[in-house]
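Letters A, B, ... are given to chains in the order of the sequence lines, protein chains preceding strands, and every chain is numbered from 1.
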2 protein chains.
Amino acid sequence: MIIKETNTNMMNPEVPIYHNLQPLFQFFESFQNLSSSSKDRIASICTSVQIPKNKDLQAIGHTCRTIYFVKKGLCRIYYYKDGVDITEAFAFENSLIARVESLFTGRPSKKGIQTLEDSVFIGIASPALFDLYDQFPEIERLFRKIFEAAYVETVNRIENIQFHTAEERYNDLIKNSPDLLQRVPLKHIASYLGITQVSLSRIRAKY
Amino acid sequence: MIIKETNTNMMNPEVPIYHNLQPLFQFFESFQNLSSSSKDRIASICTSVQIPKNKDLQAIGHTCRTIYFVKKGLCRIYYYKDGVDITEAFAFENSLIARVESLFTGRPSKKGIQTLEDSVFIGIASPALFDLYDQFPEIERLFRKIFEAAYVETVNRIENIQFHTAEERYNDLIKNSPDLLQRVPLKHIASYLGITQVSLSRIRAKY
DNA sequence: GGAATCCTTTTACATATGTTAAAAAAGACC
DNA sequence: GGTCTTTTTTAACATATGTAAAAGGATTCC
């Protein structure tokens with residue numbers, strides 16, 4: 001389900017539909033400044049996507065061809081492991097989310113993206129983005145840096161998973177994302193932590 | 001300890017020292033072809049490094065400024081967790097290895113790289129490499145692709161750690177790297193799997 | 001070739017987490 | 001407001017892995 005924002009130019013509905021991309025460019029500029037021509041070209045491949053709570057933004061089985069920026073709301077990447085729903089990651093406002101194992105390989109993803117609140121995303125078409133890399137090395141560089149940072153986070157997460165107890169990981173998580181508890185069902189937090197809901201309940205009962 | 005290969009031009013010891021970079025370029029070309037000028041410039045920032053068994057290639061505490069290609073031998077990334085030696089990764093012949101959490105952040109690494117056999121590496125100076133990115137977008141693109149692939153592997157590894165038993169992970173590991181058992185002490189395999197040596201021994205006793 | 005060191009296994013016990021089922025609590029819907 | 005559904009907790013039991021200590025093997029080094 002994709003709902004474009006209202007076109008403010010009623011006389012000519014064919015002109016590019018206006019999006020407020022300010023939060024996205026602000027995010028980009030925390031990595032690197034962009035020329036205005038690069039910004040224009042990026043803007044031309046962005047769409048606005050609005051999804052109600054608990055709906056799929058991207059369905060399991062499709063190849064990832066869009067990188068999303070969360071403008072409002074909250075979502076998760078999830079998949080089924082032996083029939084059990086597992087949350088791989090959460091994404092809050094002002095962050096990017098994509099199923100990189102599909103984005104970078106071109107293979108269909110076993111994972112989906114689902115909203116956990118009514119949400120608004122900016123979608124960046126990845127095939128068009130990769131084409132822009134040829135003309136605008138600074139765009140390629142920007143996304144290189146973004147994914148390098150994400151890679152580092154993932155490496156650090158392995159250490160966190162492998163050498164901390166579930167209790168430590170839970171305390172870490174709520175310390176770093178305090179509003180997660182208010183906004184996300186515990187069952188998703190449990191599977192994100194790699195434990196059962198029962199186990200998480202036991203840990204919480206200690207406090 | 002860094003030992004350069006013999007300079008074959010005895011008349012002028014100042015010319016760039018010759019390295020056999022063929023295996024490295026073959027590795028690169030599995031990602032992307034390179035112009036000969038790019039290859040020349042990469043060659044100019046490579047050194048040959050020879051390290052005996054069980055020595056540090058890179059010490060804990062230093063910032064990572066070299067990406068290594070394993071030409072011969074075998075090494076591991078390791079660190080100390082509460083005083084216990086943990087292996088984060090192994091690297092065999094014809095693969096790259098770097099402590100990315102330091103390489104991409106510029107912060108000192110809590111991890112070291114240690115050989116597990118007498119080994120020969122090609123070291124790529126990373127500050128010089130990042131400088132080359134400005135002149136040679138194809139070099140930036142090559143390394144972007146290399147690290148994107150490594151990122152995907154790391155994402156997949158999280159799933160493997162979180163949702164498989166130690167026994168399944170052990171069987172996976174020896175299936176995918178059969179010679180690991182012949183070449184690496186079990187204690188390192190245990191910590192790589194996130195379990196104790198005792199636990200690994202129990203698992204092995206079943207077979 | 002013997003002593004010292006390092007690596008691996010075994011044993012016994014402790015603990016964290018999984019599994020299943022049921023009850024309690026919270027939220028969604030007419 | 002009350003019913004239905006979903007979410008969370010609790011209980012009882014099973015199992016995997018951790019910890020500590022000791023013993024057996026293998027390797028290194030003089």
Side-chain angles (χ1 to χ4, degrees), chain A residues 51-56 73-74 76 78 80-87 90 114-118 158-174 179-207, chain B residues 51-56 73-74 76 78 80-87 90 114-118 158-174 179-207:
Chain A
I51 311 268
K53 182 175 178 172
N54 290 330
K55 298 286 181 212
D56 269 7
L74 172 59
R76 69 182 183 114
Y78 72 102
Y80 290 98
K81 178 88 198 168
D82 303 328
V84 179
D85 178 319
I86 303 290
T87 295
F90 297 107
Q114 186 191 54
T115 55
L116 295 168
E117 297 174 356
D118 293 350
I158 287 188
E159 184 188 331
N160 184 44
I161 292 172
Q162 223 166 6
F163 301 107
H164 290 90
T165 64
E167 185 171 344
E168 290 169 324
R169 299 197 309 269
Y170 173 72
N171 286 324
D172 268 21
L173 185 67
I174 59 174
D179 51 341
L180 203 72
L181 279 182
Q182 326 311 326
R183 298 172 70 180
V184 176
L186 289 171
K187 61 178 180 176
H188 296 327
I189 294 178
S191 72
Y192 175 78
L193 292 171
I195 58 179
T196 61
Q197 209 180 155
V198 175
S199 213
L200 179 58
S201 233
R202 264 190 298 241
I203 288 166
R204 286 163 51 79
K206 292 190 191 172
Y207 297 93
Chain B
I51 310 268
K53 181 175 181 175
N54 290 330
K55 298 287 180 212
D56 269 7
L74 171 58
R76 67 182 186 117
Y78 73 102
Y80 290 99
K81 179 86 196 168
D82 304 328
V84 180
D85 178 319
I86 304 290
T87 295
F90 298 106
Q114 186 191 54
T115 55
L116 294 168
E117 296 174 355
D118 294 349
I158 287 187
E159 185 188 330
N160 184 43
I161 292 172
Q162 222 164 8
F163 301 108
H164 290 90
T165 64
E167 184 171 344
E168 289 169 324
R169 299 199 307 273
Y170 173 72
N171 286 324
D172 268 21
L173 185 66
I174 59 175
D179 49 343
L180 204 70
L181 279 182
Q182 326 310 328
R183 297 172 72 181
V184 177
L186 290 170
K187 61 177 181 176
H188 295 327
I189 295 177
S191 73
Y192 175 79
L193 292 171
I195 58 178
T196 60
Q197 210 180 155
V198 175
S199 214
L200 178 58
S201 233
R202 265 190 296 242
I203 288 165
R204 286 163 51 80
K206 291 190 190 171
Y207 297 92

Over how many whole Å does the gap from [X] atom [atom1] to [N] atom [atom2] extend?
X	N	atom1	atom2	result
A/Leu186	D/dT8	CG	P	4 Å
B/Lys81	D/dG18	NZ	P	15 Å
B/Gln197	D/dA22	CD	C1'	14 Å
B/Asp82	D/dG18	CG	P	14 Å
A/Lys187	D/dT7	NZ	P	3 Å

[X]: partners by side-chain hydrogen bond (donor to acceptor under 3.5 Å, both in side chains), with sequence neighbours left out:
X	result
A/Asp85	A/Arg76
B/Asn160	B/His164
A/Asp179	A/Arg183
B/Asn171	B/Tyr207

Quiz item: To the nearest 0.5 Å, what is the distance between NZ (B/Lys81) and CZ (A/Phe163)?
Solution: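 The CZ atom of A/Phe163 is 8.0 Å from NZ of B/Lys81, to the nearest 0.5 Å.
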Quiz item: Got a second to check how far A/Tyr170's OH is from A/Leu181's CG, nearest 0.5 Å?
Solution: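 Separation between the atoms: 4.5 Å.
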Side-chain donor-acceptor distances from residues 184-195 of chain A under 3.5 Å, at least two apart:
from, atom 1, to, atom 2, distance (Å)
A/Ser191, OG, A/Thr87, N, 2.8
A/Ser191, OG, A/His188, O, 3.3

Tabulate atom names and distances for all N/O pairs under 3.5 angstrom spanning the protein and nucleotides 16-21 of chain C.
from, atom 1, to, atom 2, distance (Å)
C/dT17, OP1, A/Ala166, N, 2.9
C/dG18, OP2, A/Thr196, N, 3.1
C/dG18, OP2, A/Thr196, OG1, 3.1
C/dG18, OP2, A/Ser199, OG, 3.1
C/dG18, N7, A/Arg202, NH2, 2.8
C/dG18, O6, A/Arg202, NH1, 3.0

Practice problem: Sequence neighbours left out, what pairs pass salt bridge (charged side-chain N to carboxylate O under 4.0 Å, His left out) with at least one residue falling in residues 194-207 of chain A? | Solution: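 Sorted pair list: A/Glu167-A/Lys206.
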Please write out each protein N/O paired with an N/O of nucleotides 24-27 of chain D under 3.5 Å, distance rounded to 0.1 Å.
none

Quiz prompt | Validation row: B/Phe90, B/Leu116 side chains within 4.5 angstrom (heavy atoms) | solution =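 Sidechains of B/Leu116 and B/Phe90: in contact.
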Quiz item: Which residues satisfy the side chain to side chain contact (heavy atoms under 4.5 Å, CB included) test with B/Gln162, sequence neighbours excluded?
Solution: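 Result, side chain to side chain contact (heavy atoms under 4.5 Å, CB included) vs B/Gln162: A/Arg157, A/Ile161, B/Ile158.
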Quiz prompt | Contacts of B/Thr196 that satisfy side chain to side chain contact (heavy atoms under 4.5 Å, CB included) - sequence neighbours left out | solution =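 Residues passing side chain to side chain contact (heavy atoms under 4.5 Å, CB included) with B/Thr196: B/Val198, B/Ser199.
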Quiz item: So does B/Arg204 get a side-chain nitrogen or oxygen closer than 4.0 Å to the phosphate oxygens (OP1/OP2) of C/dT9?
Solution: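 Answer yes for this pair, as a side-chain N or O of B/Arg204 is under 4.0 Å from OP1 or OP2.
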Practice problem: Measure the angle between the two terminal helix axes of the helix from C/dG1-D/dC30 to C/dC30-D/dG1, five base pairs each, and quote it to 10°. | Solution: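 Comparing the first five pairs with the last five, the axes sit 50° apart.
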Enumerate the protein-to-nucleotides 25-30 of chain C contacts in which both atoms are nitrogen or oxygen and the separation is below 3.5 Å.
none

Quiz item: Is the backbone of B/Asp118 close enough, under 3.5 Å, to the side chain of B/Thr115 for a donor and an acceptor to pair up by distance?
Solution: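 Flag not set: sc B/Thr115 to bb B/Asp118 has no pair under 3.5 Å.
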